[in-house]
Amino acid sequence: MEVLRHSRGLPQALKMDNGPEFTSKTLAAWSAHTGVRLEFIEPGKPSQNGHLESFNGKFRDECLNTHWFTSLNGARWSIELWRQDYNQVRPHSALGYLSPEAFVQRSEDVLASFPKLAY
């Protein structure tokens with residue numbers, strides 16, 4: 001999270017389910033320290049976080065279910081390769097068939113083309 005914090009900034013809120021990994025004192029303390037709101041969906045209502053459910057399904061089907069992990073390092077390597085493909089190569093229909101990385105670059109280029117306003 002700290003790498004993302006420095007490269008992209010923190011979001012205003014994180015939406016998540018009520019699993020034990022998301023209801024810890026450590027996460028609550030991090031939220032209080034950073035000012036990022038924690039928004040929990042209703043128990044048993046995964047449709048309230050459809051984007052994440054869609055991503056989880058892709059990740060499970062395309063990465064976790066297609067590899068036999070024999071070590072933690074092997075799992076990290078396979079997952080990192082999948083992450084790079086997902087973010088840097090694969091076109092996403094919701095992003096105009098650009099990869100997330102290309103979409104961010106295009107957005108930054110568009111913003112840079114606007115004149116800077118002096119206040």
Side-chain angles (χ1 to χ4, degrees):
M1 185 60 101
E2 290 304 308
V3 171
L4 288 174
R5 177 183 193 168
H6 294 294
S7 66
R8 302 261 185 236
L10 292 173
Q12 292 179 346
L14 293 176
K15 189 175 226 179
M16 60 196 76
D17 66 23
N18 291 280
E21 67 274 21
F22 298 123
T23 56
S24 70
K25 290 179 183 176
T26 302
L27 185 59
W30 176 84
S31 171
H33 175 73
T34 61
V36 175
R37 277 187 334 275
L38 302 179
E39 297 178 354
F40 294 93
I41 64 171
E42 293 176 64
K45 303 277 188 174
S47 61
Q48 291 180 347
N49 201 1
H51 289 88
L52 184 59
E53 292 300 319
S54 175
F55 171 81
N56 286 346
K58 287 179 179 70
F59 181 58
R60 187 181 323 100
D61 292 343
E62 299 170 8
C63 184
L64 300 178
N65 289 350
T66 61
H67 293 87
W68 184 270
F69 302 116
T70 58
S71 69
L72 183 56
N73 283 337
R76 286 179 175 152
W77 182 78
S78 295
I79 291 167
E80 178 60 16
L81 289 178
W82 185 88
R83 186 194 66 78
Q84 288 177 14
D85 178 69
Y86 187 85
N87 287 322
Q88 298 169 2
V89 178
R90 175 190 304 208
H92 294 247
S93 61
L95 302 177
Y97 294 96
L98 295 171
S99 69
E101 188 172 275
F103 182 81
V104 167
Q105 184 59 52
R106 178 180 277 179
S107 299
E108 289 172 350
D109 292 345
V110 167
L111 289 174
S113 70
F114 286 96
K116 301 289 184 223
L117 299 175
Y119 293 97

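For this chain, numbers begin at 1 and follow the sequence in order.
- More than 12 heavy-atom neighbours from other residues, nucleotides or ligands sit within 6.0 angstrom of CZ on Phe69.
- For the residue pair Gln105 / Asp109, a side-chain donor-acceptor distance below 3.5 Å is found, with atom types taken as modelled.
- By the 4.5 Å heavy-atom criterion applied to side chains, Arg90 and Leu98 are not counted as neighbours.
- The line from CD of Glu39 to CD of Gln48 is 11.0 Å long, rounded to the nearest 0.5 Å.
- Within the 4.5 Å cutoff, no side-chain heavy atoms of Glu62 are placed close to those of Thr66.
- Counted within 6.0 Å of CZ on Arg106, heavy atoms from surrounding residues, nucleotides or ligands total 12 or fewer; the atom is thus considered open.
- Scanning all heavy atoms of the two residues, the minimum distance from Pro100 to Asn87 falls at CD-O, 3.3 Å.
- Residues Leu38 and Met16 have side chains in contact (heavy-atom distance under 4.5 Å, counting atoms from C-beta outward).
- Ring centers of His92 and Tyr86: under 6.0 Å apart, within the cut-off.
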Original post:
Ile79 and Trp77: side chain to side chain contact (heavy atoms under 4.5 Å, CB included), yes or no, with the steps?
Top reply: CA-CA 6 Å; Ile79 291 167; Trp77 182 78; over 6 Å; no
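- Side-chain contact between Val89 and Ser99 is absent, with no heavy-atom pair separated by less than 4.5 Å.
- Using a 4.5 Å heavy-atom cutoff, the side chains of Arg76 and Glu80 are not in contact.
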**OP:** Start with the C-alpha distance between Gln12 and Arg37, add both sets of side-chain angles, then the distance that settles side chain to side chain contact (heavy atoms under 4.5 Å, CB included), and finish with yes or no.
**Re:** CA-CA 6 Å; Gln12 292 179 346; Arg37 277 187 334 275; 4.3 Å; yes
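- Using a cut-off of 4.0 Å between Lys/Arg side-chain N and Asp/Glu carboxylate O, Lys45 and Glu53 are scored as not salt-bridged.
- For the pair His67 and Ser78, the tightest heavy-atom approach, listed with the atom from each and the gap, is CD2-OG, 3.7 Å.
- When hydrophobic clusters are built by joining Ile, Leu, Val, Met, Phe, Trp and Tyr residues whose side-chain heavy atoms come closer than 4.5 Å, directly or via intermediates, Leu27 is not grouped with Leu52.
- Residues Phe55 and Asn49 form no side-chain contact, since every pair of their non-hydrogen atoms from C-beta on lies 4.5 Å or further apart.
- Looking only at side-chain heavy atoms (C-beta outward), Val36 and Trp30 come within less than 4.5 Å of each other.
- When all heavy atoms of Asp17 and Ile41 are compared, the closest pair comes out as CA-CG1, 3.7 Å.
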